There are 2 protein chains.
Amino acid sequence: MDKSCIVRHFRTYAELDAHEEELLDSLEKSPQAFRRGGVIWEEGDEATDFYTIRRGWLFSYRYMEDGSRQVLDIFVPGDIAGLREFAFSGRLTGLATLTDVEICAFPKTRMTEVFGESLLLSNLFFAVAAREQAVLLERLVNLGRRTALQKVAHFVLEMYTRLQRTNNFPDNHFRLPLPQHVLGDALGLSAVHVSRTFGELKEAELLCRDGGHISILDVDRLAQVAGFKSTYLREDLSSVLRALENRAVLPPGSTG
Amino acid sequence: MDKSCIVRHFRTYAELDAHEEELLDSLEKSPQAFRRGGVIWEEGDEATDFYTIRRGWLFSYRYMEDGSRQVLDIFVPGDIAGLREFAFSGRLTGLATLTDVEICAFPKTRMTEVFGESLLLSNLFFAVAAREQAVLLERLVNLGRRTALQKVAHFVLEMYTRLQRTNNFPDNHFRLPLPQHVLGDALGLSAVHVSRTFGELKEAELLCRDGGHISILDVDRLAQVAGFKSTYLREDLSSVLRALENRAVLPPGSTG
DNA sequence: CGGCCAGTTGACTCGCATCAATGTATGTGG
DNA sequence: CCACATACATTGATGCGAGTCAACTGGCCG
């Protein structure tokens with residue numbers, strides 16, 4: 001792994017020059033290791049840093065007054081955890097690990113410096129935020145208007161699509177290290193019902209799950225059942241990048 | 001209204017100089033009017049522009065295969081609709097009006113220019129995106145893990161808090177021009193059940209709704225019932241602004 | 001006047017929660 | 001190597017919250 005995860009992630013949006021890669025690399029220094037089951041921060045903790053994910057899986061969550069829990073994001077390598085708290089002094093959610101992980105803290109004020117030094121990266125970070133919104137949006141639809149079967153199917157397809165972007169895997173078989181009670185908390189279902197639902201999905205020969213692994217048996221039919229369209233995970237920055245090029249050839253002070 | 005809505009909105013984050021106000025004002029030119037019940041765009045339409053809201057209410061939505069609908073955001077004056085599509089070529093949701101409105105289109109490539117001309121505005125736009133994420137997050141919690149009573153109560157308090165930020169109103173009485181079927185679509189409930197739930201809330205003397213108007217009878221108890229904490233709507237940019245000041249006094253090329 | 005839309009109310013249904021029992025794998029200390 | 005505890009998953013029985021269908025009301029408008 002010569003290039004950091006975050007550089008590989010950002011490269012999927014646009015070509016980066018050496019200075020930009022260096023800036024991004026500087027966000028992924030001095031990794032800290034945490035064991036599976038560890039808590040990185042709790043809701044309300046002071047939010048001074050972001051974390052880039054180098055290795056492993058994490059999730060963010062919120063505990064409710066009645067003790068139940070809502071899981072809000074799943075983070076995989078290349079993601080940045082905490083971007084949301086750019087505008088807040090305290091953490092809006094907790095963050096905990098699903099596997100052993102390596103993550104790298106950088107102070108959120110560093111962001112401001114990046115904005116000052118690279119117009120391209122300003123745009124890309126904004127694009128990342130937009131993409132995160134799109135994912136949340138899709139999950140809202142999922143929670144609001146779908147059956148348990150669709151929720152589970154949709155979630156699996158979302159993770160499948162996100163993982164394929166960076167890691168290609170054959171035969172639609174991949175690791176998904178979320179126990180069923182975490183899946184339930186992500187989808188607004190009970191762990192019991194998640195178990196039943198996987199049963200149904202296997203019965204229908206769409207999908208099967210064993211331990212931490214998923215095999216998708218029929219992607220097309222699964223997508224149809226789930227009402228899954230992958231458009232919200234396929235960004236298109238071409239118009240933005242074109243605007244950047246045009247701008248680059250204008251005299252520095254011109255406003256257009 | 002001598003200053004545009006968007007300037008007033010952004011001023012709640014930080015002081016702006018004349019150039020920055022001018023840049024923002026330039027995003028709110030040539031307003032277009034739409035009648036209540038109008039559609040601004042549909043899911044899948046080409047996404048070339050953002051819209052700033054000058055007057056009136058709008059909502060974004062997604063239709064499902066089975067004909068049901070999920071409402072995703074409510075927009076009020078000062079908001080910007082479409083920021084999410086910065087990274088996408090097509091609209092992720094539809095956008096329609098709840099009242100007569102005036103909105104102003106600006107091309108999304110204009111964003112790139114703004115990033116290039118004002119470091120403060122770069123930061124503020126990123127903060128706005130972060131805040132939007134926080135709102136979506138809270139709504140996820142709301143949809144995933146709450147009862148109908150809590151959902152309705154929470155939604156009302158969210159709107160109440162957002163509106164109070166710019167418009168102060170006495171006696172906890174305000175306009176909320178969403179018919180019950182739209183509320184239902186926002187909260188993942190049927191219109192019928194929304195009606196029943198408002199009945200319950202009135203019975204409990206927490207809240208009453210008449211036509212397009214809400215009166216909150218007991219804010220504290222309502223917030224308790226809803227599990228509502230307003231922290232997610234109270235941004236704190238102090239650390240970011242401090243970073244900007246420090247940066248301003250450094251020599252231009254220094255990276256720290 | 002009649003049609004339409006928003007809201008209310010009641011009867012019935014159903015999806016998923018909850019509770020409980022059981023099974024299986026993994027880990028720990030004596 | 002066994003006794004025990006813990007985490008995760010599966011399965012069945014039962015109940016409740018909210019959806020659905022339908023009838024009815026009142027206001028608005030042509």
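Numbers restart at 1 for each chain; the letters A, B, ... are given by sequence-line order, proteins then strands. Model, not experiment: these values are computed from the prediction.
- Atom-to-atom, NE2 of His213(A) to P of dA9(D) comes out at 13 Å; the value is rounded to the nearest Å.
- If you check dT20(D), dA18(D), dT18(C) against the side chain of Ser190(B), the one that comes closest is dT20(D).
- Leu189(B) has its CG atom 16 Å from the C1' atom of dG7(C), to the nearest Å.
- When heavy atoms are screened at a 4.0 angstrom cut-off, Gly188(B) is found touching the sugar-phosphate backbone but no base atom.
- For Leu183(A) and dC16(C), the CG to P distance is 15 Å, given to the nearest whole Å.
- Separating the NZ atom of Lys151(B) from the C1' atom of dG17(D) is a distance of 10 Å, rounded to the nearest angstrom.
- As judged by a 4.0 angstrom heavy-atom cut-off over every strand, Gly184(A) is placed among residues making no nucleic acid contact.
- In terms of modelled atom types and a separation under 3.5 Å, the side chain of Asp210(A) and the main chain of His213(A) share no donor-acceptor contact.
- Residue Arg36(B) places its CZ atom among 12 or fewer non-hydrogen atoms of other residues, nucleotides or ligands, all under 6.0 Å distant.
- Relative to the side chain of Val192(A), the nucleotides dT9(C), dC19(C), dT20(D) differ in distance, and dC19(C) lies closest.
- Residues Phe59(B) and Phe75(B) keep their aromatic ring centres 6.0 Å or farther apart.
- With the nearest nucleotide of DNA chain C identified for both Arg146(A) and Val194(B), Val194(B) has the one nearer the 5' end.
- Rounded to an integer number of Å, the gap from Arg145(A) CZ to dA18(D) P is 13 Å.
- One interatomic measurement links the two molecules: CG of Leu187(B) to P of dG19(D), which rounds to 10 Å at whole-angstrom precision.
- Considering only side-chain atoms of Pro179(A), the nucleotide from dC16(C), dA18(D), dA9(D) that sits closest is dA9(D).
- Other residues, nucleotides and ligands contribute over 12 non-hydrogen atoms within 6.0 Å of the CD atom of Gln32(B).
- In this structure, of dT8(C), dA17(C), dG12(D), it is dG12(D) that holds the atom nearest to the side chain of Arg196(A).
- Whole-Å rounding puts the Leu178(B) CG to dG7(C) C1' distance at 15 Å.
- Out of dC16(C), dT11(D), dC8(D), the shortest distance to the side chain of Ser195(A) is found at dT11(D).
- For His181(B) and dC5(C), the NE2 to C1' distance is 9 Å, given to the nearest whole Å.
- For dG15(C), the OP1/OP2 oxygens have no side-chain nitrogen or oxygen of His193(A) closer than 4.0 Å.
- Checked against dT10(D), dC16(C), dG19(D), the side chain of Gln180(A) finds its nearest nucleotide in dT10(D).
- Scored by the ring pair (Phe, Tyr, Trp, His ring centres under 6.0 Å) test, Phe86(B) finds Phe126(A) as partners (sequence neighbours excluded).
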